[in-house]
Enquirer: 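One structure, pasted below without further comment.
Atoms within a ligand are numbered from 1 in the order they appear, just like the ligands themselves.
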Amino acid sequence: MAAAKAAAANAYIPYSGFRVGAAVLDADGSVTVGCNVENAGYGSTICAERTALVSAVAQGRKQPTALAVYTEPGVSPCGSCRQVMVELGPTMQVYLGNAKGRLVETSIAELLPNAFTDIDPE
Ligand code: THU
């Protein structure tokens, strides 16, 4: 959560002003951070969670075991991020932190039950 909070300082947020930081812990012990990166075409904005997860993949980190998300109010990940989380780290624990130090522990299994994971469900 400390790494996620530090990454939030790098958020590129000219449109919403809403700062988000994320950090992925991999089974290899590495921590990969991300922040939200907004765009004038709002739909091209990338959330902090996906930034961190995609960066981890790009660095060859293939076993994400936990994801920390820091925001001032302590929000929960959006639907697009949940879908990416279940793809890349289906067993991940998830920690949601806020500026007051509240820490909510959950998991991607809890955040996205009955997820779409395969085009061939049999
Ligand atoms: N955002 C995230 O980075 N993660 C979330 O889980 C929710 C939303 C970002 C996207 C946008 O830059 C800003 O927060 C407001 O939606």
Side-chain angles (χ1 to χ4, degrees):
M1 188 55 68
K5 185 174 182 177
N10 294 326
Y12 175 74
I13 49 170
Y15 305 102
S16 75
F18 188 66
R19 207 170 276 288
V20 188
V24 184
L25 175 66
D26 192 271
D28 69 7
S30 66
V31 173
T32 310
V33 299
C35 60
N36 51 333
V37 180
E38 297 188 341
N39 192 279
Y42 295 173
S44 296
T45 288
I46 313 172
C47 293
E49 297 90 325
R50 276 177 286 160
T51 304
L53 284 163
V54 168
S55 178
V57 170
Q59 293 173 72
R61 296 163 179 173
K62 298 190 179 77
Q63 281 183 272
T65 59
L67 174 72
V69 185
Y70 173 84
T71 57
E72 196 273 322
V75 301
S76 195
C78 81
S80 295
C81 287
R82 293 178 195 209
Q83 185 66 28
V84 173
M85 286 155 67
V86 82
E87 176 77 27
L88 299 176
T91 63
M92 277 194 309
Q93 287 298 106
V94 179
Y95 299 88
L96 308 174
N98 76 358
K100 290 181 175 167
R102 187 186 69 198
L103 190 65
V104 173
E105 181 175 1
T106 179
S107 64
I108 184 54
E110 188 171 73
L111 291 170
L112 190 60
N114 305 312
F116 172 69
T117 54
D118 199 317
I119 58 171
D120 181 6
E122 289 183 74

Enquirer: So, do Leu53 and Met92 sit near enough that their side-chain heavy atoms are less than 4.5 Å apart?
Expert: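 When only atoms from C-beta onward are counted, Met92 and Leu53 do touch, with a gap below 4.5 Å.
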Enquirer: So Asn36 and Ile13, do their side chains get closer than 4.5 Å, heavy atoms only?
Expert: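 In short, these two side chains touch, coming nearer than 4.5 Å.
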Enquirer: I need the nearest protein heavy-atom contact for atom 12 (O) of ligand 1: residue, atom name and distance, please.
Expert: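 Ranked first by proximity to atom 12 (O) of ligand 1 is Glu38 OE2, 2.5 Å.
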Enquirer: Is there a side-chain contact between Arg61 and Val24, using heavy atoms and a 4.5 Å cut-off?
Expert: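 No. Closest side-chain heavy atoms not under 4.5 Å.
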Enquirer: Which atom pairs, one a donor and one an acceptor, fall under 3.5 Å between side chains of residues 68-80 and the rest of the protein, sequence neighbours left out?
Expert:
residue	atom	partner	partner atom	Å
Thr71	OG1	Gly74	N	2.8
Thr71	OG1	Val75	N	2.9
Ser76	OG	Arg82	NH2	2.9

Enquirer: Do any non-hydrogen protein atoms sit less than 4.0 Å from atom 16 (O) of ligand 1?
Expert: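 Protein heavy atoms within 4.0 Å of atom 16 (O) of ligand 1 - there are none.
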Enquirer: Considering distance alone, does some N or O of Phe18 sit under 3.5 Å from an N or O of ligand 1?
Expert: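 No.
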Enquirer: Taking the side chain as every heavy atom from C-beta outward, state whether Met85 and Leu67 have any atom pair closer than 4.5 Å.
Expert: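 Yes. Closest side-chain heavy atoms under 4.5 Å.
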Enquirer: Which residue owns the protein heavy atom closest to atom 6 (O) of ligand 1, what's the atom, and how far is it?
Expert: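 Scanning the protein heavy atoms, the shortest distance from atom 6 (O) of ligand 1 goes to Glu49 OE2, 2.6 Å.
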Enquirer: May I ask you to identify the nearest protein heavy atom to atom 9 (C) of ligand 1, giving residue, atom name and distance to one decimal place in Å?
Expert: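 Going atom by atom, the protein heavy atom closest to atom 9 (C) of ligand 1 ends up being Asn36 ND2, 3.5 Å.
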Enquirer: Answer with side chain, backbone, both or neither: which part of Cys47 has a heavy atom less than 4.0 angstrom from an atom of ligand 1?
Expert: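 Looking at Cys47 and ligand 1, atoms from backbone and side chain both fall under 4.0 Å.
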Enquirer: How far is atom 3 (O) of ligand 1 from its nearest protein heavy atom, and which residue and atom name does that atom have?
Expert: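 Going atom by atom, the protein heavy atom closest to atom 3 (O) of ligand 1 ends up being Ala48 N, 3.0 Å.
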